[in-house]
Amino acid sequence: MSAGPKSPIRSAWVIAVCIICYTFTLAFGPAPTVSSNIVRHQGTDKEHLVLNELDDCVDLWTRTPQTSTVCIKRQHLTALFGGQEGHAHGLNTMFVNESGSRIDVSGTAGDIDIDWAAIHAKCERPSVLWDAPLDGGLTAGLATEAVSLISSIAPNVTLHFPEHMNVDTDFVDELPYQHQRLLKRIKAQSYAPSRPPPAIYVSQWAPGSLFRTKLDQARSPSEAMFIVSRAMYEATRVPTDWIPNFSLIHEYWVPSEWNRRVLTKEYGLDNERVHVVEEGLDAQNHFNPHLFSKSKARSKVYLDAKEGEFIFLSTFKWEERKAWKQLIQAFVQEFEESEPVTLYLRTSTPYSTLNTIVQVETGKEDSRIRLLPHQHTSQYQQMFAGADAFVLASHGEGWGRPIAEAMAMGLPVITTNWSGPTQFTSDDVALLLPVSTLEKADIPGGPSDAEWALVDVVKLRALLRRVYSHQDEARALGHAARQHMLDNFSEEAIARQVTNGLRRICEQHESQKQRQVAIKSRIKYKQNGLHAAC
């Protein structure tokens, strides 16, 4: 029997289904764990998300109420597509029920009354599952930032730790007592059965394969969470194991505009998904040069320093990215052995003594380059207090926390004018090593096409000489740097950034829950025959 002409209603059906694309970003929960399929319409490049349950339809649509969405039963695909390609504008939202009938739910988003007063009250103190490494070692930088963030937002946020997050570590044991007590109290209270599970998950683990493992450990498959990754990287391309998680993570919180540009420009992530949340530090009670005597700090930390020596300090993990070769070469080439200037490196050489490394890299011995042992937390700030200048001219930094710490301690700082430190440095507060070109980034296990800054030894020599020869100017620059950190990068300032971001997410989540309840009610009302469907 030949098919007659299609009715206007059926034609509208086909047009509506064909025009909708599934390419919208969900605001909550992982990429849908619902029973769904992606179907490509034959002869076109359009794809359609086919859902099997009413709740799934409502859930997806209320997350993107500005988008027209069609939810359709798989068994009705053949009849509805009919091999036709259609074009339409201004489509309504509809749900196809078990019998194949359309239920028009257009207009259900715009006229829903949201109880914003109740939402604001609930989200004034958001509940968050916070996951971070606290083991020190290779993750010491991440752990230090984690403690700073957690301690600064704790008064205004209900924090929970996942079960796998370990707070009984040597790193935690070296923290000030009030921080140890806070971390252990949060851990002990994280599993009170009377508390609902948090709707927000924030992870400070690098967002690669280990991130996914930690996330799976932190939640059950049925839990829908808003997933935030605190992420940063030091080169123009991120590790390849980050890419599969792009669709899983709802927001990235990066510390600098430079990091933000890498994710949005190089990888095409939406600007709305990548937010700049800077790093802060306590420049009043910890990184405050006025709390220390320079002479006493020098005698405690720089045990072999001679009277009157000018001390350059650098602290870093021993890896190619930190440009330690260029620093050693610049120092040895610039300063005569008769000049009373030294370079102390707080690091650990993995394969030889520092004297041997200096000889290999420069062709001669130089006892003025010295190794500093690891300082206990109580002496860490004294290391800065006893120095005259700080230098870390690396190939790239995610943020550059030791640079910020040195600035807060009032030291003149030499650093590379590229990557993360550009967020908090300028010519007014630091001596910036210019970058004229990039080079291939030598990162073990990193992406092969990544680049980082080329560190120019000649230009670095000039900056070292400038600091040593113009010490009054250098000290004035250090004073300006400290004031800059006090004014803009205190823990309180960054805590406001984090807390406001968490409140925004909480309010978004709660308003969507109210929309879902209202829309489900309206759809079921129409399904019961109280409103005409096609």
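No hydrogens, no waters, no symmetry mates; every other heavy atom, side chains included, goes into these values.
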message = Strictly distance-based, threshold 3.5 Å: is any side-chain N or O of H275 a donor or acceptor partner for the main-chain N or O of E272?
response = yes

Considering all heavy atoms, the nearest H395-E320 contact = CD2-O, 3.2 Å

key: Pair E309 + R368, salt bridge at N-O below 4.0 Å   = no

query = Given Q381 and F287, is the side-chain contact (heavy atoms from CB on, under 4.5 Å) satisfied, shown in steps?
reply = CA-CA 6 Å; Q381 288 85 357; F287 294 96; 3.9 Å; yes

inquiry  = Does this structure show an ion pair linking R401 with E145, if we count only N-O contacts that are shorter than 4.0 Å?
reply    = no

task = May I ask you to decide if G386's main-chain N or O and R298's side chain share a donor-acceptor pair within less than 3.5 Å?
result = yes

ask   = Side chains of R230 and V228: does their closest heavy-atom pair fall under 4.5 Å?
value = no

Geometric cation-pi criterion, R237 with Y267: 6.0 Å, 45° = yes

key: Beyond-backbone contact of L454 with V435, side-chain heavy atoms, under 4.5 angstrom   = no

message = Once rounded to the nearest 0.5 Å, what's the spacing between atom OG1 of T356 and atom OH of Y351?
response = 9.5 Å

message = Which heavy atom of D428 sits nearest to which heavy atom of A480, and what is that distance?
response = O-CB, 3.8 Å

Under 3.5 Å donor-acceptor, N355 side chain and S367 backbone = no

inquiry  = Distance alone, cut at 3.5 Å: any donor-acceptor contact between the side chains of H160 and S127?
reply    = yes

request  = Kindly indicate, with the supporting measurements, whether the criterion side-chain contact (heavy atoms from CB on, under 4.5 Å) is fulfilled by L345 and L327.
outcome  = CA-CA 10 Å; L345 307 181; L327 175 58; 4.1 Å; yes

query = Can you find a heavy atom in the side chain of P239 that is under 4.5 Å from one in the side chain of Y233?
reply = yes

message = Looking at G420, is its backbone amide N or carbonyl O close enough to the side chain of E397 to form a donor-acceptor pair, meaning the two atoms are under 3.5 Å apart?
response = no

note = Here the gap from Q284 atom CD to H290 atom NE2, rounded to the nearest 0.5 Å, amounts to 9.0 Å

message = Is there a side-chain contact between C506 and R503 in this structure, where contact means two heavy atoms from C-beta onward sitting under 4.5 Å apart?
response = no

inquiry  = Can you confirm whether D304 is buried at CG, in the sense that more than 12 heavy atoms of other residues, nucleotides or ligands lie under 6.0 Å from that atom?
reply    = yes

request  = Could you check W258 against W418 for ring-ring contact (aromatic ring centres under 6.0 Å, His included), going step by step and ending with a plain yes or no?
outcome  = CA-CA 8 Å; W258 181 87; W418 194 76; 4.9 Å; yes

note = Shortest non-hydrogen pair, L411 vs A389, comes out as CD2-N, 4.1 Å

ask   = When you look at Y468 and D388, which way does the side-chain contact (heavy atoms from CB on, under 4.5 Å) test go after all the steps?
value = CA-CA 9 Å; Y468 177 66; D388 295 298; over 6 Å; no

inquiry  = Students often mix this up, so state it plainly: with edges at 30° and 60°, are the rings of F331 and F335 parallel, tilted or perpendicular?
reply    = tilted

query = T264 side chain to N271 main-chain N or O, any donor-acceptor pair under 3.5 Å?
reply = no

request  = Report the C-alpha distance between S148 and E491 in whole Å, list the side-chain angles of each, state the deciding distance to 0.1 Å, and finish with yes or no for side chain to side chain donor-acceptor pair (under 3.5 Å).
outcome  = CA-CA 7 Å; S148 175; E491 285 189 334; 2.9 Å; yes

Exam field: side chain Q379 to backbone V301, donor-acceptor pair closer than 3.5 Å = no

inquiry  = Using a 3.5 Å distance criterion without hydrogens, assess whether the side chain of R321 forms a donor-acceptor pair with backbone atoms of G396.
reply    = yes

query = Less than 4.5 Å apart, any side-chain heavy atom of K459 and any of P434?
reply = yes

note = Distance col, row R370:CZ vs F312:CZ, nearest 0.5 angstrom, shows 13.5 Å

message = I'd like to know if the side chain of T169 reaches the main chain of L134, judged simply by a donor and an acceptor atom lying under 3.5 Å from each other, with no hydrogens or angles considered.
response = yes

query = Of the non-hydrogen atoms in I369 and L354, which two are nearest, and what is the gap between them?
reply = O-CD2, 3.7 Å

ask   = How are the rings of F390 and F384 set to each other: parallel, tilted or perpendicular (split at 30° and 60°)?
value = tilted

ask   = Judged by atom type as modelled, is there a donor-acceptor pair below 3.5 Å linking the side chain of N259 to the main-chain atoms of M232?
value = no

ask   = Any idea how F424 and W399 line up, ring-wise: parallel (<30°), tilted (30 to 60°), or perpendicular (>60°)?
value = tilted

ask   = Does T499 use its side chain to pair, donor to acceptor, with the backbone of R496 at less than 3.5 Å?
value = no

Least distance between heavy atoms, F161 atom then S190 atom = N-OG, 2.7 Å

message = Among D131, I186, L183, which residue satisfies the side chain to side chain contact (heavy atoms under 4.5 Å, CB included) criterion with M165?
response = D131

request  = Taking the side chain as every heavy atom from C-beta outward, state whether V429 and M485 have any atom pair closer than 4.5 Å.
outcome  = no

message = Using the rule given for side-chain contact (heavy atoms from CB on, under 4.5 Å), can you reason through L432 versus T415, listing the C-alpha separation, both sets of side-chain angles and the distance that settles it, and then say yes or no?
response = CA-CA 5 Å; L432 301 179; T415 191; 3.8 Å; yes

note = d(I494 CD1, N488 CG) to nearest 0.5 Å is 8.5 Å

query = Roughly how far, to the nearest 0.5 Å, is the CG atom of D170 from the CG atom of L175?
reply = 11.0 Å

task = With rounding to the nearest 0.5 Å, note down the distance linking OH in Y201 to CD1 in I249.
result = 9.5 Å

inquiry  = If you compare all heavy atoms of W205 against all heavy atoms of P133, which two are closest, and at what distance to 0.1 Å?
reply    = CH2-CB, 3.5 Å

key: Min side-chain heavy-atom separation W130-V157 under 4.5 Å   = no

query = So do P207 and Y252 actually touch side chain to side chain, heavy atoms under 4.5 Å?
reply = yes

